[in-house]
There are 2 protein chains.
Amino acid sequence: MPASKTVSSKRATVIKALAHPSRLLIAEALMEGEMCVCDLKDLVGADMSTVSKHLSLMRQAGVLVSDKRGLNIYYRLACDCLGDFLRCLDQLAPKKAATKPCC
Amino acid sequence: MPASKTVSSKRATVIKALAHPSRLLIAEALMEGEMCVCDLKDLVGADMSTVSKHLSLMRQAGVLVSDKRGLNIYYRLACDCLGDFLRCLDQLAPKKAATKPCC
DNA sequence: TAGTTATTTGGCAAAATAGCCAAATAGATG
DNA sequence: CATCTATTTGGCTATTTTGCCAAATAACTA
């Protein structure tokens with residue numbers, strides 16, 4: 001229960017918001033620019049209510065911000081630090097991975 | 001089902017390996033240098049078998065590499081891109097978060 | 001070899017998460 | 001106002017994840 005654990009927990013909440021294939025797909029798409037829920041529904045290929053819940057979770061975590069215009073609600077990333085991180089992660093060797101560091 | 005979804009899935013697996021308070025705490029500790037399981041068990045404050053399973057999951061995802069020396073097994077991060085990312089995430093405002101972008 | 005220490009594995013119950021459907025809400029528009 | 005469209009919410013089951021205990025390994029030591 002050290003104080004540092006609380007900080008970790010908060011960070012983990014944010015990271016968890018990205019740690020799902022559909023949610024990461026959404027985040028990746030939003031790196032190109034904002035999209036509305038129906039666009040993202042087509043991208044993910046799930047029920048709109050499912051996508052909406054993913055978006056809600058991501059917004060609660062602070063990863064996304066939303067913006068209502070007309071009938072649509074547009075979502076976009078709240079920060080742009082994702083690209084660099086993903087590029088680095090892509091260099092990791094999964095599984096037993098020997099002992100070679102990467103980036 | 002686009003090809004990009006597969007890439008996202010792989011990335012999500014890696015991110016998921018960081019998306020748990022105990023596992024992120026471990027990763028943060030390992031940013032300072034390698035540690036053995038018993039050190040990490042004290043840090044996390046959970047059963048050693050629990051910590052071991054977290055470590056195993058992280059190694060499978062490629063986030064950690066391990067190294068056996070004597071009776072101990074030392075773990076360390078497989079990449080050093082975590083710090084920058086965490087610093088950026090710390091600037092995010094959780095919850096309803098208004099509509100202010102951050103970093 | 002027997003014992004000791006460090007770690008992993010198997011198994012299981014409890015808790016959290018995902019995803020669908022149906023219903024509710026919030027704005028536009030006729 | 002009645003309706004349509006876009007999105008969210010509630011509720012439910014199925015699946016996944018967590019974390020403990022007990023038992024199994026693995027490698028050092030007497």
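This one's a predicted model, so the numbers in the text were calculated from it and none came from an experiment.
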Asks: Residues in side chain to side chain contact (heavy atoms under 4.5 Å, CB included) with B/Ala17, at least two apart?
Replies: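 B/Ala17 satisfies side chain to side chain contact (heavy atoms under 4.5 Å, CB included) with B/Leu57, B/Met58, B/Ala61, B/Val63 once adjacent residues are dropped.
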Asks: Between protein and nucleotides 15-20 of chain C, what N or O pairs are separated by less than 3.5 Å?
Replies:
unit_1, atom_1, unit_2, atom_2, d
C/dA18, OP1, A/Arg23, NH1, 3.4
C/dA18, OP1, A/Arg23, NH2, 3.4
C/dA18, OP2, A/Arg23, NH1, 3.2
C/dG19, OP2, A/His54, NE2, 2.7
C/dC20, OP2, A/Asp47, N, 3.1
C/dC20, OP2, A/Thr50, OG1, 3.2
C/dC20, N4, A/Lys53, NZ, 3.1

Asks: Measure from OH on A/Tyr74 to P on D/dT5 and round the result to the nearest Å.
Replies: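 Going from OH in A/Tyr74 over to P in D/dT5 covers 16 Å.
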Asks: Taking side chain to side chain donor-acceptor pair (under 3.5 Å) as the definition, give me every residue that meets it alongside A/Thr13, ordered by chain and number, with sequence neighbours left out.
Replies: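 Partners of A/Thr13 under the side chain to side chain donor-acceptor pair (under 3.5 Å) test: none.
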Asks: In whole Å, what is the span from the CG atom of A/Asp42 to the C1' atom of D/dA6?
Replies: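 Whole-Å distance recorded here is 13 Å.
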Asks: Quickly work out the B/Ile15 CD1 to D/dT17 P distance and round it to whole Å.
Replies: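 So the CD1-P distance, B/Ile15 to D/dT17, works out to 15 Å.
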Asks: Do B/Leu30 and B/Tyr75 pass the side chain to side chain contact (heavy atoms under 4.5 Å, CB included) test, and can you show the C-alpha distance, the side-chain angles, and the key distance before you say yes or no?
Replies: CA-CA 8 Å; B/Leu30 295 181; B/Tyr75 282 89; 4.2 Å; yes
Asks: Look at the side chain of B/Asn72 and the backbone N and O of B/Tyr74, then say whether any donor-acceptor pair between them is shorter than 3.5 Å.
Replies: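 Not at all, since once roles are kept as given, no pair shorter than 3.5 Å links the two residues.
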Asks: Strictly by salt bridge (charged side-chain N to carboxylate O under 4.0 Å, His left out), give each pair with a member in residues 17-27 of chain B just once, sequence neighbours left out.
Replies: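 Those involving residues 17-27 of chain B do not exist here.
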Asks: Could you work out, with salt bridge (charged side-chain N to carboxylate O under 4.0 Å, His left out) as the rule, every residue matching B/Asp84, not counting sequence neighbours?
Replies: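 Once residues adjacent in sequence are excluded, the partners of B/Asp84 under the salt bridge (charged side-chain N to carboxylate O under 4.0 Å, His left out) criterion are B/Arg87.
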Asks: For B/Ile26 and D/dG19, what is the distance between atoms CD1 and C1' respectively, to the nearest whole Å?
Replies: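 Going from B/Ile26 (CD1) to D/dG19 (C1'), I get 13 Å.
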Asks: Report yes if a side-chain nitrogen or oxygen of A/Tyr75 is closer than 4.0 Å to either non-bridging phosphate oxygen (OP1 or OP2) of D/dT8; otherwise report no.
Replies: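 Result: yes.
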Asks: Is B/Asp67 salt-bridged to B/Arg69, cutoff N-O under 4.0 Å?
Replies: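 A salt bridge is present here (some side-chain N lies under 4.0 Å from a carboxylate O).
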Asks: Grab the NZ-P distance between B/Lys68 and C/dT8 for me, whole Å please.
Replies: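 Taking NZ of B/Lys68 and P of C/dT8, I get 8 Å after rounding.
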Asks: How long is the line joining CE of A/Met58 and P of D/dT8, in whole Å?
Replies: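 It works out to 13 Å between those atoms.
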Asks: Check B/Cys88 against A/Cys81 for me: are their SG atoms closer than 2.5 Å?
Replies: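 A disulfide is present here, as the SG pair of A/Cys81 and B/Cys88 is separated by less than 2.5 Å.
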Asks: Please list each protein N or O that sits under 3.5 Å from an N or O in nucleotides 4-6 of chain C, with the distance.
Replies:
unit_1, atom_1, unit_2, atom_2, d
C/dA6, O3', B/Asn72, OD1, 2.9

